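Since the structure comes first, as structure tokens, the remarks are kept for the end.
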Amino acid sequence: MNEHDSEKVAGVLLARGYRQVEFAEQANVVLYNTCSIREKAAQKVFSRLGEYRLTQRDGQTIGVLGCVAQQEGQKIFTRAPWVSLVCGSASYRKLPELLAQLEAGNRRVTGLDTDTDETFETEVTRRDNPWRAYLTIIEGCDKACSYCVVPFTRGPERSRTSASILEEVRQLAGVGYTEVQLLGQTVNSYADPSAKKMRFSELLVAVAELPGIRRVRFTTSHPRDFGKDIVEAIEAVPAICEHVHLPVQSGSTKVLRGMARTYTREEYLEKIAMLRASKREISLTTDLIVGFPGETEKDFEETLSLLDVAQYDGAFCFKYSPRPNTPSLKMEDAIPEEEKSRRLAMLLEKQREIQRARNEKLVGRELEVMVEGKSKKEFQWSGHTSGNKVMNFTSRAQESLGDYVQVKVVAATPNSLVGEKRQWRVTSGE
Ligand code: SF4
């Protein structure tokens with residue numbers, strides 16, 4: 001989401017006549033987009049700002065964007081007085097105006113409002129990847145999970161109209177994009193503000209059916225709003241990728257309640273059962289937090305046992321860290337760091353074995369892969385399957401990046417598949 005915000009911000013600047021340079025030292029304006037979802041990411045911001053100061057030229061403007069900008073606000077000017085712009089993501093619409101104020105000689109400008117019902121739509125978005133395009137369809141979050149900074153830093157949920165999304169995808173297909181990834185902190189809570197009132201599942205189908213679009217992905221889904229209609233859309237339309245990222249965070253209902261996740265272990269597992277019963281084999285990934293305040297050994301064991309039932313194809317696992325402006329900050333963070341590390345290591349180890357077994361089941365299958373990279377090793381290529389698995393494969397053909405090829409899985413590791421592209425050999429008599 002942050003990467004795509006940067007693409008949109010770059011687009012805004014290009015449309016105003018700015019030019020992108022390769023290194024920060026060459027720039028007249030440096031905009032540093034930041035993340036505060038975890039403590040370490042936020043700490044890094046000030047050390048990076050210190051590095052920018054060392055190379056700052058006379059007249060060079062340094063701005064801070066993103067969640068740390070929103071969180072720290074004006075305090076950034078005190079801690080890093082060489083910064084002249086601070087703007088959170090809910091105020092990006094104001095960026096042209098803020099830049100104009102700086103160009104007019106203002107010394108310090110801020111965009112820190114989160115109380116907005118508007119989305120950040122740009123005329124121009126400067127995308128790096130020529131085949132896969134990210135597209136934000138819903139900004140902000142109303143879910144208020146007790147550990148999360150997003151509702152504070154990104155503001156309330158607000159969706160783009162279905163017509164504007166479909167028009168952008170049409171344009172993307174027109175210039176050669178074949179894969180689009182619909183983004184939102186809670187993408188499936190999408191609520192079309194236009195009279196059409198298109199549901200998220202209907203939007204998925206409409207995007208997937210646009211000429212030229214071969215793959216549609218979406219992330220991140222919130223379990224509460226994940227309904228059967230989304231599974232039915234995946235079943236009905238092959239272009240909707242067979243992958244769902246459904247963060248669970250904990251396997252214990254007690255901890256989920258503390259996190260204000262709005263579902264129980266049992267309710268979440270019902271969603272998993274629904275996904276596993278799909279006619280298409282859907283790959284499932286999740287996010288997990290260990291060491292949330294009050295998480296007992298028994299609670300943690302429930303998370304481990306949930307992994308056995310859910311059989312995820314991938315999981316992003318983190319240790320809990322208290323974040324500013326979040327309700328869980330008031331809860332006692334009583335679990336020692338070493339204990340959090342022990343739980344994290346156990347979780348990772350268990351998940352690794354599950355992934356290995358799941359990937360091994362795919363050996364012998366033929367899967368479609370988008371060719372995304374060429375290795376330095378001869379005849380070695382890489383890409384992703386529809387289920388979002390990384391496939392490293394051998395092909396003696398001169399593949400074109402962005403093409404789709406059929407690859408047979410010949411081996412598996414916990415994090416990737418190894419494949420061989422089928423070689424069509426025509427010999428006499430055949
Ligand atoms: S749903 Fe996701 S983004 Fe929203 S508050 Fe919860 S964790 Fe944060």
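Everything numeric here is computed off the predicted structure, so don't read it as measured data.
Taking a cutoff of 4.0 Å between a charged side-chain nitrogen and a carboxylate oxygen, E302 and K298 qualify as a salt bridge. Taking the charged nitrogens against the carboxylate oxygens, E339 and R343 do have a contact shorter than 4.0 Å, which makes a salt bridge. A salt bridge is absent between R276 and E281; no separation between the charged side-chain nitrogens and carboxylate oxygens falls under 4.0 Å. Remark: R224 does not engage E270 in a salt bridge, criterion side-chain N to carboxylate O under 4.0 Å. Between R16 and E103 there is a salt bridge, since a side-chain N of the basic residue sits under 4.0 Å from a carboxylate O of the acidic one. Checked for salt-bridge contact, D225 and K143 meet the test: a charged N lies under 4.0 Å from a carboxylate O. A salt bridge does not link E353 with R358: every distance from a Lys NZ or Arg NE/NH1/NH2 to an Asp or Glu carboxylate oxygen is 4.0 Å or more. Ion pair K94/E97 not flagged as a salt bridge, since none of the NZ, NE, NH1 or NH2 atoms sits closer than 4.0 Å to an Asp/Glu carboxylate oxygen. Taking 4.0 Å as the cut-off between side-chain N and carboxylate O, E242 and R280 count as a salt-bridged pair.
Counting heavy atoms from C-beta on, the side chains of V187 and T220 never come closer than 4.5 Å. Side chains of E72 and F46 form a contact here, defined as non-hydrogen atoms less than 4.5 Å apart. Side-chain contact check for W381 versus V371: some heavy-atom pair is nearer than 4.5 Å. Inter-residue side-chain proximity for Q71 and I76 is flagged as unmet; no heavy-atom pair is nearer than 4.5 Å. S189 is listed as a side-chain neighbour of I138, based on a closest heavy-atom distance under 4.5 Å. You'll find the side chain of E235 reaches within 4.5 Å of the side chain of S278, heavy atoms only. F393 has its side chain within reach of V369: a pair of non-hydrogen atoms, C-beta onward, lies under 4.5 Å apart. Within the 4.5 Å cutoff, the side chain of Y268 has no heavy atoms near those of the V309 side chain.
Closest approach of V290 to F300, counting heavy atoms only: CG1-CE1, 3.8 Å. Between A69 and G88, the shortest heavy-atom distance links the atoms CB-N, 4.3 Å. Here the shortest heavy-atom pairing between T286 and P247 reads OG1-CA, 3.3 Å. Heavy atoms only, all atoms of each residue included: R261 and H222 are closest at O-CE1, 3.6 Å. Minimum heavy-atom separation, N2 to T34: ND2-O, 3.1 Å. Taking all atoms of both residues into account, the shortest heavy-atom contact from Y320 to P293 is CE2-CD, 3.5 Å.
Annotation: side-chain contact (heavy atoms from CB on, under 4.5 Å) contacts of E139 (sequence neighbours excluded): K8, T119, F120, T136, R158. Residues passing the ring pair (Phe, Tyr, Trp, His ring centres under 6.0 Å) test with F152, sequence neighbours excluded: none. Partners of K254 under the side-chain contact (heavy atoms from CB on, under 4.5 Å) rule, at least two apart in sequence or in another chain, are S252, T296, D299. Listed by chain and number, the residues in a side-chain contact (heavy atoms from CB on, under 4.5 Å) with L348 are C317, L344 (sequence neighbours excluded). Residues forming a side chain to side chain donor-acceptor pair (under 3.5 Å) with R215 (at least two apart in sequence, or on another chain): E368. Residues passing the ring pair (Phe, Tyr, Trp, His ring centres under 6.0 Å) test with H245, sequence neighbours excluded: F316.
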Legend entry - Criterion side chain to side chain contact (heavy atoms under 4.5 Å, CB included) on L65 and Y92, from CA distance to verdict: CA-CA 9 Å; L65 308 179; Y92 286 165; 3.4 Å; yes
Inset, instruction - For the pair Y190 and S162, evaluate side chain to side chain donor-acceptor pair (under 3.5 Å) and give the outcome as yes or no after the intermediate values. - result: CA-CA 10 Å; Y190 173 77; S162 51; 4.6 Å; no
Inset, instruction - Kindly indicate, with the supporting measurements, whether the criterion side chain to side chain donor-acceptor pair (under 3.5 Å) is fulfilled by D5 and S89. - result: CA-CA 8 Å; D5 280 349; S89 66; 4.8 Å; no
Inset, instruction - Could you walk me through whether E337 and R342 pass the salt bridge (Lys or Arg N to Asp or Glu O under 4.0 Å) test, one step at a time? - result: CA-CA 9 Å; E337 205 47 34; R342 185 189 71 87; over 6 Å; no
Inset, instruction - Go through the steps to decide whether E202 and R199 satisfy the test salt bridge (Lys or Arg N to Asp or Glu O under 4.0 Å), and finish with yes or no. - result: CA-CA 5 Å; E202 292 168 336; R199 297 170 72 189; 5.2 Å; no
Inset, instruction - Mind running side chain to side chain contact (heavy atoms under 4.5 Å, CB included) on L417 and V390 for me, showing each step along the way? - result: CA-CA 6 Å; L417 303 172; V390 173; over 6 Å; no
Legend entry - Steps toward salt bridge (Lys or Arg N to Asp or Glu O under 4.0 Å) verdict (D403, R214): CA-CA 11 Å; D403 274 3; R214 179 117 170 204; over 6 Å; no
Inset, instruction - Mind running side chain to side chain donor-acceptor pair (under 3.5 Å) on T178 and Y404 for me, showing each step along the way? - result: CA-CA 10 Å; T178 57; Y404 293 87; 2.8 Å; yes
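Side-chain contact, T262 with R257: no donor N or O sits under 3.5 Å from an acceptor N or O. One side chain, E157 or T186, offers a donor N or O that lies under 3.5 Å from an acceptor on the other.
W82 contributes atom CH2, which lies 12.5 Å from atom OH of Y52 (distance to the nearest 0.5 angstrom). Here CG of L183 is found 7.5 Å from OG1 of T219. Values are rounded to the nearest 0.5 Å. We find the CZ-CD distance between R57 and Q26 to be 8.5 Å, quoted to the nearest 0.5 Å. Rounding to the nearest 0.5 angstrom, the gap separating the CD atom in Q20 from the CG atom in L13 is 9.0 Å. Taking CG from L256 and OG from S250, the interatomic distance works out to 4.5 Å, rounded to the nearest 0.5 Å. A distance of 12.0 Å separates NZ of K228 from NZ of K271, quoted to the nearest 0.5 Å.
Formation of a donor-acceptor pair under 3.5 Å by the R108 side chain with backbone atoms of V86 is not found in this model. When atom types are taken as modelled, the side chain of T110 and the backbone of L112 share no donor-acceptor pair closer than 3.5 angstrom. Between the side chain of D192 and the backbone N or O of M198, at least one donor-acceptor pair lies under 3.5 Å.
Checked options E179, E372, R217, K389; the residue passing with H384 is E372 (criterion: side chain to side chain donor-acceptor pair (under 3.5 Å)). With Q355 as reference, N415 is the one residue of T413, T285, D313, N415 to meet the side chain to side chain donor-acceptor pair (under 3.5 Å) rule.
Around atom CG of D308, more than 12 heavy atoms belonging to other residues, nucleotides or ligands sit under 6.0 Å away. When the shell of 6.0 Å around CZ of R356 is examined, it contains more than 12 heavy atoms from other residues, nucleotides or ligands. Counting non-hydrogen atoms of other residues, nucleotides and ligands closer than 6.0 Å to CD of E332 gives a total of 12 or fewer. In this structure, E51 places its CD atom where more than 12 heavy-atom neighbours from other residues, nucleotides or ligands lie under 6.0 Å away.
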